[in-house]
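This structure is a prediction, so every number in the text was calculated from the model and none was measured.
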Amino acid sequence: MATEAEILEGLEQAFDYRGDVTITRRDGTVLEGYIFDRRTGKTLADSVVRVIPKDARTRLSIPYAEIAGLTFSGRDTAAGKSWEAWVRKYYEKKAAGEKNIEIQPESLD
């Protein structure tokens, strides 16, 4: 991420993502976790992203200005889980002649 606009856009996309992301800080440290909140201020130094690390249940606040890179590293658990996707699967099974159609959610394990 090079510009302030790119950093802001990348973090907005990361907030909407429902999987883990890997944040590389400017000091070289790497953190993988789930972004559950962001607070945008007037500058990058005033803005923070709030993360639950993958290997802990603590909550960390990382200033946008400390972020050098961002990678979408975990599976997006919400991908393909929309109402429209459920209805499409239902009608595909119905068209195939299945009876007692029941669509179960997949396990989060």
Side-chain angles (χ1 to χ4, degrees):
M1 293 186 241
T3 68
E4 182 173 325
E6 290 172 332
I7 292 171
L8 292 171
E9 175 62 25
L11 287 168
E12 283 301 310
Q13 289 177 10
F15 177 72
D16 291 337
Y17 188 68
R18 296 295 174 231
D20 286 343
V21 297
T22 301
I23 296 172
T24 303
R25 294 183 181 172
R26 295 198 184 278
D27 66 4
T29 59
V30 177
L31 169 72
E32 185 174 8
Y34 177 73
I35 295 178
F36 70 95
D37 189 20
R38 83 277 195 230
R39 298 183 180 166
T40 306
K42 293 182 181 183
T43 67
L44 291 181
D46 295 337
S47 304
V48 295
V49 64
R50 298 179 67 206
V51 181
I52 300 172
K54 185 175 183 174
D55 57 355
R57 291 292 170 226
T58 59
R59 295 179 176 174
L60 302 175
S61 293
I62 301 171
Y64 284 18
E66 289 183 13
I67 299 173
L70 186 65
T71 305
F72 296 87
S73 52
R75 182 177 69 94
D76 185 345
T77 57
K81 305 287 193 289
S82 68
W83 170 252
E84 292 81 11
W86 184 90
V87 170
R88 185 180 65 251
K89 288 177 189 176
Y90 173 84
Y91 283 113
E92 286 171 359
K93 288 183 175 197
K94 187 174 182 178
E98 291 186 36
K99 303 281 187 212
N100 299 322
I101 301 169
E102 189 175 310
I103 299 176
Q104 295 292 325
E106 73 179 59
S107 173
L108 294 177
D109 296 341

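Side chain of Arg38 to backbone of Glu12: no donor-acceptor contact under 3.5 angstrom is found. Judged purely by atom type and a 3.5 angstrom limit, Arg18 uses its side chain to pair as donor or acceptor with the backbone of Phe15.
The side-chain contact (heavy atoms from CB on, under 4.5 Å) search around Asn100 returns none, not counting sequence neighbours. Not counting sequence neighbours, the partners of Glu9 by the side-chain contact (heavy atoms from CB on, under 4.5 Å) test are Gln13.
Distance CZ/Arg59 to CZ/Arg50: 6.5 Å, rounded to 0.5 Å. To the nearest 0.5 Å, the span separating CZ on Arg88 from NZ on Lys93 amounts to 12.5 Å. We find the OG1-CZ distance between Thr22 and Phe72 to be 10.5 Å, quoted to the nearest 0.5 Å. Distance check: Leu60 CG to Ile23 CD1 gives 9.0 Å after rounding to the nearest 0.5 Å. Remark: Leu70 CG to Ile7 CD1 distance equals 10.0 Å, nearest 0.5 Å.
Contact between Arg26 and Ile67 at its shortest, heavy atoms only, is NH2-O, 3.5 Å. Contact detail for Glu32 and Ser73: the closest heavy-atom pair is OE2-OG, 3.1 Å. Nearest approach of Pro63 to Ala45, heavy atoms of both residues: CB-O, 4.3 Å. Between Tyr64 and Val49 the shortest heavy-atom distance is CE1-N, 3.6 Å.
Proximity of Thr29 to Leu31: side-chain heavy atoms (C-beta onward) are nowhere separated by under 4.5 Å. Asp37 places none of its side-chain heavy atoms less than 4.5 Å from the side chain of Val48. Using a 4.5 Å heavy-atom cutoff, the side chains of Tyr17 and Ile35 are not in contact.
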query = Where do Thr24 and Thr71 land on the side-chain contact (heavy atoms from CB on, under 4.5 Å) test, with the steps shown first?
reply = CA-CA 8 Å; Thr24 303; Thr71 305; 5.8 Å; no
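Membership of the apolar cluster around Phe36 extends to Tyr34, Ile52, as traced through chained side-chain contacts below 4.5 Å between ILVMFWY residues.
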